[in-house]
J.: 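Below you will find the structure I want to go over with you.
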Protein chains: 2
Amino acid sequence: MNVMNDSPRRKELIRLAAQLFVQEGFDRTTVRMLAQEMGIKSGSLFHHFRDKQEILAAVIEEGTQNALTLARAALDDAGSDPLSRLHVMARAHLDTLLTDRNAHVVALYEWRRLDDAARDHLTHLRDAYERLWNDVIDEAIEAGLVAGDRALVARFVLGALNWTVRWYDPDGPRSPEQLADELVNMLTRRS
Amino acid sequence: MNVMNDSPRRKELIRLAAQLFVQEGFDRTTVRMLAQEMGIKSGSLFHHFRDKQEILAAVIEEGTQNALTLARAALDDAGSDPLSRLHVMARAHLDTLLTDRNAHVVALYEWRRLDDAARDHLTHLRDAYERLWNDVIDEAIEAGLVAGDRALVARFVLGALNWTVRWYDPDGPRSPEQLADELVNMLTRRS
DNA sequence: ATCAAAACCAAGCAAGCGCTAGTGTAACTG
DNA sequence: CAGTTACACTAGCGCTTGCTTGGTTTTGAT
């Protein structure tokens with residue numbers, strides 16, 4: 001089993017799996033469906049992945065990793081102004097959320113299907129990401145841009161942002177960037 | 001098959017099913033698990049429900065119906081002041097969400113498992129509920145309490161509220177009412 | 001040209017799935 | 001008291017599931 005590489009082939013398989021997991025849900029996606037979508041037979045699948053769960057973990061890791069990378073880059077490019085840091089963070093979040101949409105929907109809906117080991121690993125990744133958010137919100141509160149408890153604000157904001165995967169239409173009139181700006185606009189107080 | 005009554009027995013079965021659906025997910029909850037939890041054999045289950053999907057639909061209907069009833073009552077009791085209407089609506093939402101938690105978690109996570117007929121019926125229920133929210137937010141915007149596009153604000157707010165089921169701890173320091181108030185506080189502009 | 005590693009396939013196993021059929025029984029109803 | 005209804009039981013059918021096995025082809029470095 002060639003389990004631990006990250007060949008382009010594997011990346012492609014993960015992308016296809018993500019799509020199927022969104023369409024059907026993890027439990028209803030059979031290894032036969034996955035194999036067919038990938039153009040191989042179901043037995044061959046287990047050459048690339050130890051078991052079905054590992055495919056799920058790979059999908060979620062891919063998405064979370066991307067989000068983390070993008071957010072860090074965005075924060076590096078942003079200055080030290082709390083408001084603009086809030087803006088770039090919201091934009092980066094919606095950007096990955098809606099371009100890597102499949103992976104993130106899977107992460108949101110199928111998290112509980114992960115086995116303990118994978119969940120543990122991915123929890124660390126996600127925590128690293130949320131720490132970025134907490135810092136940005138801390139700065140915003142300190143600067144008087146937002147009111148409320150740090151932890152609470154972070155959760156409300158992330159909730160509002162993550163909820164977009166349930167209704168956002170990429171062909172609609174609004175870009176992810178506009179969406180992000182409108183949210184920031186909504187919750188900052190311009191005195 | 002005694003399918004269409006709403007006996008107390010059936011209500012209890014639905015409550016147990018909701019709990020299992022949350023713990024295991026709909027697909028992983030077998031009719032045998034459901035039966036055991038209910039203290040009967042798997043075959044007997046189909047005396048109460050036509051099939052497994054009907055149990056899911058019943059769980060979700062129960063939760064949504066409660067939410068709708070509670071929200072209507074809350075709005076009736078509230079005056080015509082836009083801010084207080086916003087408050088009672090947020091409180092009512094978090095109240096059902098966190099007391100009828102199982103049913104609502106199922107509704108959020110397993111919606112796609114509904115068959116077409118059930119989904120159609122329940123979509124109407126949910127739309128009726130969301131219409132209440134839209135009206136309240138319309139009034140808040142008109143009164144200058146909140147800034148932004150009606151549809152967008154509603155979605156952000158509902159996202160923030162619904163997200164609470166992922167992190168709220170009933171044994172924690174905050175009551176659902178406090179939570180609701182802090183959210184409203186966060187997004188209204190006090191000039 | 002050689003050969004190991006990587007990728008794949010055909011076939012199928014053991015377990016578990018939703019659901020049905022047919023029966024028993026106790027409590028109501030006329 | 002006969003007939004009906006509500007609810008539960010046992011037994012198992014037909015099918016699908018994730019995964020394994022044992023063997024074959026493809027690839028690519030030497």
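Quick note on labels: first sequence line is chain A, next is B, and so on, each numbered from 1.
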J.: When the distance from CG of A:Leu45 to P of D:dT20 is rounded to whole Å, what number comes out?
T.: 12 Å
J.: Residues in salt bridge (Lys or Arg N to Asp or Glu O under 4.0 Å) with B:Arg91, at least two apart?
T.: B:Asp181
J.: Does the side chain of B:Leu13 come within less than 4.5 Å of B:Phe49's, by heavy atoms?
T.: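 When only atoms from C-beta onward are counted, B:Leu13 and B:Phe49 do touch, with a gap below 4.5 Å.
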J.: Side-chain heavy atoms nearer than 4.5 Å, only ILVMFWY residues, links allowed to pass through others: does that put A:Leu70 and A:Trp133 together?
T.: no
J.: Atom CZ of A:Arg50 and atom P of D:dT20: how far apart are they, to the nearest Å?
T.: 11 Å
J.: Under the salt bridge (Lys or Arg N to Asp or Glu O under 4.0 Å) rule, collect the residues that match up with B:Arg72, sequence neighbours excluded.
T.: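 B:Arg72 satisfies salt bridge (Lys or Arg N to Asp or Glu O under 4.0 Å) with no residue once adjacent residues are dropped.
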J.: By a strict heavy-atom criterion of less than 4.0 Å, which residues belonging to residues 107-121 of chain A are in contact with DNA chain D?
T.: none
J.: Might you work through the salt bridge (Lys or Arg N to Asp or Glu O under 4.0 Å) test for B:Glu110 and A:Arg112, ending with a clear yes or no?
T.: CA-CA 13 Å; B:Glu110 315 286 0; A:Arg112 293 173 309 166; 3.8 Å; yes
J.: Provide the closest heavy-atom pair for B:Leu161 versus B:Leu94 in the form atom of the first, atom of the second, distance.
T.: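 Heavy atoms only, the tightest pair is CD2-CG, 3.7 Å.
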J.: Show your working on ring pair (Phe, Tyr, Trp, His ring centres under 6.0 Å) between B:Tyr129 and B:His93 and close with a plain yes or no.
T.: CA-CA 10 Å; B:Tyr129 179 76; B:His93 190 93; 5.7 Å; yes
J.: Looking only at non-hydrogen atoms, find the nearest pair between B:Ala17 and B:Val59 and report the distance.
T.: CB-CG2, 4.1 Å
J.: How close or far is atom C1' of D:dC9 from atom CD of B:Gln36, stated in whole angstroms?
T.: 16 Å
J.: Would you mind reading off the distance between B:Leu34 atom CG and C:dG18 atom P, rounded to a whole angstrom?
T.: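 Interatomic distance, CG of B:Leu34 to P of C:dG18: 8 Å.
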J.: Please enumerate all protein N or O atoms sitting under 3.5 Å from an N or O of nucleotides 16-18 of chain D, with distances to 0.1 Å.
T.:
{"unit_1": "D:dG18", "atom_1": "OP1", "unit_2": "A:Thr29", "atom_2": "O", "d": "3.4"}
{"unit_1": "D:dG18", "atom_1": "OP1", "unit_2": "A:Lys52", "atom_2": "NZ", "d": "2.8"}
{"unit_1": "D:dG18", "atom_1": "OP2", "unit_2": "A:Val31", "atom_2": "N", "d": "3.0"}
{"unit_1": "D:dG18", "atom_1": "N7", "unit_2": "A:Arg32", "atom_2": "NH1", "d": "3.0"}
{"unit_1": "D:dG18", "atom_1": "O6", "unit_2": "A:Arg32", "atom_2": "NH2", "d": "3.0"}

J.: What N/O pairs connect the protein and nucleotides 8-11 of chain C at under 3.5 Å? Give each pair on its own line.
T.:
{"unit_1": "C:dC8", "atom_1": "OP1", "unit_2": "A:Arg9", "atom_2": "NH2", "d": "3.2"}
{"unit_1": "C:dC8", "atom_1": "OP2", "unit_2": "A:His48", "atom_2": "NE2", "d": "2.6"}
{"unit_1": "C:dC9", "atom_1": "OP2", "unit_2": "A:Lys41", "atom_2": "N", "d": "2.6"}
{"unit_1": "C:dC9", "atom_1": "OP2", "unit_2": "A:Ser44", "atom_2": "OG", "d": "3.2"}

J.: Can any side-chain N or O of B:Lys52 pair as donor or acceptor with the backbone N or O of B:Thr30 at less than 3.5 Å?
T.: no
J.: Would you mind writing out the side-chain donor-acceptor pairs for residues 144-156 of chain A within the sub-3.5 Å range, not counting sequence neighbours?
T.:
{"unit_1": "A:Asp149", "atom_1": "OD2", "unit_2": "A:Ala151", "atom_2": "N", "d": "3.4"}
{"unit_1": "A:Asp149", "atom_1": "OD2", "unit_2": "A:Leu152", "atom_2": "N", "d": "3.3"}
{"unit_1": "A:Arg150", "atom_1": "NH1", "unit_2": "A:Asp138", "atom_2": "OD2", "d": "3.2"}

